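Taking it in order: structure first as structure tokens, then the write-up.
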Amino acid sequence: MRNVISMIVAAAALSLLPVAALAHAHLDHAQPAAGAKLTQAPSEVSLWFTEAVEPKFSSIVVQDAKGAAVQDGKAEGAADNTAVLKVKLKALQAGAYKVTWKVLSVDTHRTQGTFTFTVAP
Ligand SMILES: [Cu+2]
């Protein structure tokens with residue numbers, strides 16, 4: 001009985017693939033926004049994607065101009081939105097920062113990208 005159920009579940013999952021494969025998790029928008037010039041240092045970076053992502057298999061790295069990582073801990077999802085990935089930041093000094101994100105979307109496709117923002121109090 002268990003085998004029959006797992007076969008049905010597998011068949012149902014496969015039948016969803018052609019539809020899901022049409023979409024990938026692209027970055028929709030970010031906070032801070034790409035290219036933003038901020039007068040106050042942000043305490044976290046939040047990314048909104050075009051489809052749900054798997055936080056356990058996704059990452060956000062934020063680096064200062066010297067390449068040192070300034071994120072505080074691992075990227076995590078948001079309780080109210082499966083298409084959001086965010087990471088906390090250490091106290092940022094003035095300067096330029098580069099955000100590099102790599103995500104695994106729920107349709108199992110990997111995407112990645114980078115953008116920068118500047119803190120200029
Ligand atoms: Cu996709």
Side-chain angles (χ1 to χ4, degrees):
M1 189 60 187
R2 183 174 285 176
N3 279 342
V4 172
I5 291 172
S6 62
M7 280 173 62
I8 292 171
V9 169
L14 278 174
S15 70
L16 293 174
L17 277 178
V19 176
L22 292 174
H24 306 292
H26 295 295
L27 185 62
D28 184 65
H29 65 283
Q31 185 65 247
K37 284 194 170 66
L38 308 169
T39 54
Q40 273 195 315
S43 60
E44 65 177 29
V45 169
S46 298
L47 308 178
W48 283 262
F49 292 93
T50 54
E51 68 178 79
V53 298
E54 299 280 8
K56 281 181 183 167
F57 303 100
S58 303
S59 65
I60 303 172
V61 174
V62 184
Q63 294 167 290
D64 66 16
K66 292 174 182 168
V70 297
Q71 79 275 6
D72 188 9
K74 290 183 176 178
E76 50 188 34
D80 59 344
N81 189 339
T82 55
V84 170
L85 192 68
K86 57 186 179 178
V87 72
K88 290 186 168 56
L89 298 174
K90 297 173 181 173
L92 301 190
Q93 309 298 315
Y97 293 89
K98 179 180 172 185
V99 179
T100 303
W101 55 266
K102 295 179 182 173
V103 302
L104 178 70
S105 58
V106 291
D107 69 3
T108 72
H109 291 130
R110 288 188 176 280
T111 50
Q112 62 184 76
T114 64
F115 66 89
T116 59
F117 66 86
T118 305
V119 177

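Remember, predicted model here, so these are calculated numbers, not experimental data. Side-chain atoms are counted along with the backbone in the values below, which use heavy atoms only and exclude waters and symmetry mates.
Taking NZ of K66 as the reference point, atom CG of D64 lies at 7.0 Å (rounded to 0.5 Å). With rounding to the nearest 0.5 Å, the separation of NE2 in H24 from CZ in R110 is 14.0 Å.
Between the side chain of T111 and the backbone N or O of H26 there is no donor-acceptor pair closer than 3.5 Å.
For the side chain to side chain contact (heavy atoms under 4.5 Å, CB included) test, residues two or more places apart in sequence or in another chain that qualify with T100 are Q63, K98, T114.
In the hydrophobic clustering, where aliphatic and aromatic side chains (Ile, Leu, Val, Met, Phe, Trp, Tyr) are joined below 4.5 Å either directly or transitively, F49 groups with L27, L38, V45, L47, V53, I60, V62, V70, L85, V87, L89, L92, Y97, V99, W101, V103, F115, F117, V119. V106 belongs to no multi-residue hydrophobic cluster, having no ILVMFWY side-chain contact under 4.5 Å with any other such residue.
Summarising the geometry of S58 relative to L104, their closest heavy-atom pair is OG-N, 3.1 Å, with the distance given to 0.1 Å. Heavy-atom minimum distance, K88 versus E44: CA-CB, 3.9 Å.
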